[in-house]
Amino acid sequence: MKKISIITLFPEFVQRYSEFGIIARAIQKRLVKFTAIDMRKFGLDKRKTVDDRPYGGGLGMVLRPDVVVKAIQKTSKVSSQASRRRDRGSSRIILLTPQGKPFNQAHAKRLTKYDNLIFVSGRYEGFDERVRKFVDEELSIGDYVLMGGELPALVISEAVLRLVPGVLGKDESADSESFSDNLLEYPQYTKPEVFEINSKKLRVPKVLLTGHHANVAKWRKEESEKRTKKRRPDLLA
Ligand code: ADE
C-alpha cells in the first residue's frame, strides 16, 4: 500500500478533499493511506508560531525552517516505519512552490514508483530558503501563484493515484487519454447521433458509426495528432 502525507496548515481542508472522488476510492480499496499532517503542531511556544517576518525587510511572512523541517522529519520517520521497506529508499519529499519544475504526466508516472510521497505545502510568502536542503524535489502545477500548496499537492496526488493499478475500475483506462503518449485526446461522441439545436444538425462523424475498429483507431490517431499540432505544438517538439 502506498502512503501519501500532506504537511499543511489546513489539515481539515486536505482531509475533507480526500473524502471525494479518486482519492476516496483509492483509500477505500486500501491502495493508499492518506494523511494530512498539521504543521501547526510543530509550531513554537504557546502560540504555535510557524512563520516570521523576512530578514532584510519586505511584506508578508516566511515559514520558519525549524518548524517546517521538524514537520518533514517527523512525517518521514513515521511514513518509513509504516512502510514495509524500512530503508526509506522509497520515499519522496516534495515541496510545492511556483518556482518548482512544472508538473506533467511524466512526473505523475514517475511518482507512482515511490511507496511514500510526502508533500510540503506552504502558505503566506513562502518558505525559508534553508527548507530546500531537506526535500528531494520541488514541483509547481503551473505558472500562476496560488495562496498555498494544498491544491497543488491534491492535484498531484490525484494525477498519481489514477495511474496506480487497481485505483481505476476495469472500464476506465488511464492510458487512452490526453498526454498518455504526449498527444491530446481525440474527440469523443455519444448519443444522440444527430443533435438538433438552433435549427442546426450536429452529427457524429460517420466513421464512428461503422463498427470498423481499424478505421476508427486510425481516425482517432489522426484527430489526436491534428488537435495536438493545433493546440499544443509544444508537446510534439
Ligand atoms: N504554491 C503557490 N502557487 C503554486 C503553484 N503554482 N504550484 C505549486 N505550488 C504553489
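Computed from a predicted structure; not experimentally measured. Whatever order the structure lists them in is the order used to number ligands and atoms, beginning at 1. Just so you know, residue 1 is the first one in the sequence shown, and it goes up from there.
For atom 3 (N) of ligand 1, the closest non-hydrogen atom of the protein is L146 N, 3.0 Å. At the top of the distance list for atom 6 (N) of ligand 1, counting protein heavy atoms only, stands Y144 O, 2.9 Å. Protein heavy atom in closest approach to atom 1 (N) of ligand 1: G148 O, 3.6 Å. Nearest non-hydrogen protein atom to atom 7 (N) of ligand 1 is I141 N, 3.0 Å.
Between L96 atom CG and E150 atom CD the span is 8.5 Å, to the nearest 0.5 Å.
In T97, the part holding a heavy atom less than 4.0 Å from any atom of ligand 1 is the backbone.
Here's the thing with L139: none of its N/O atoms is less than 3.5 angstrom from an N/O atom of ligand 1. For M147, no nitrogen or oxygen atom sits less than 3.5 Å from a nitrogen or oxygen atom of ligand 1, counting backbone and side chain alike.
Ligand 1 places these atoms under 4.0 Å from at least one heavy atom of P152: 7 (N), 8 (C), 9 (N), 10 (C). Residue G142 has at least one heavy-atom neighbour below 4.0 Å for each of these atoms of ligand 1: 6 (N).
Under the 30°/60° scheme for interplanar angles, the aromatic rings of H107 and F103 are found to lie parallel.
With S91 as the partner, the side-chain hydrogen bond (donor to acceptor under 3.5 Å, both in side chains) test is satisfied by one option alone out of T75, N116, D115: N116.
The residues R227 and E222 are annotated as not salt-bridged, no charged nitrogen and carboxylate oxygen being separated by less than 4.0 angstrom. For the pair E137 and R110, the salt-bridge criterion is met [side-chain N within less than 4.0 Å of a carboxylate O].
A donor-acceptor contact shorter than 3.5 Å links the side chain of T228 to the backbone of L184.
With hydrogens and angles left out, the side-chain atoms of Y17 and E158 include a donor and acceptor closer than 3.5 Å.
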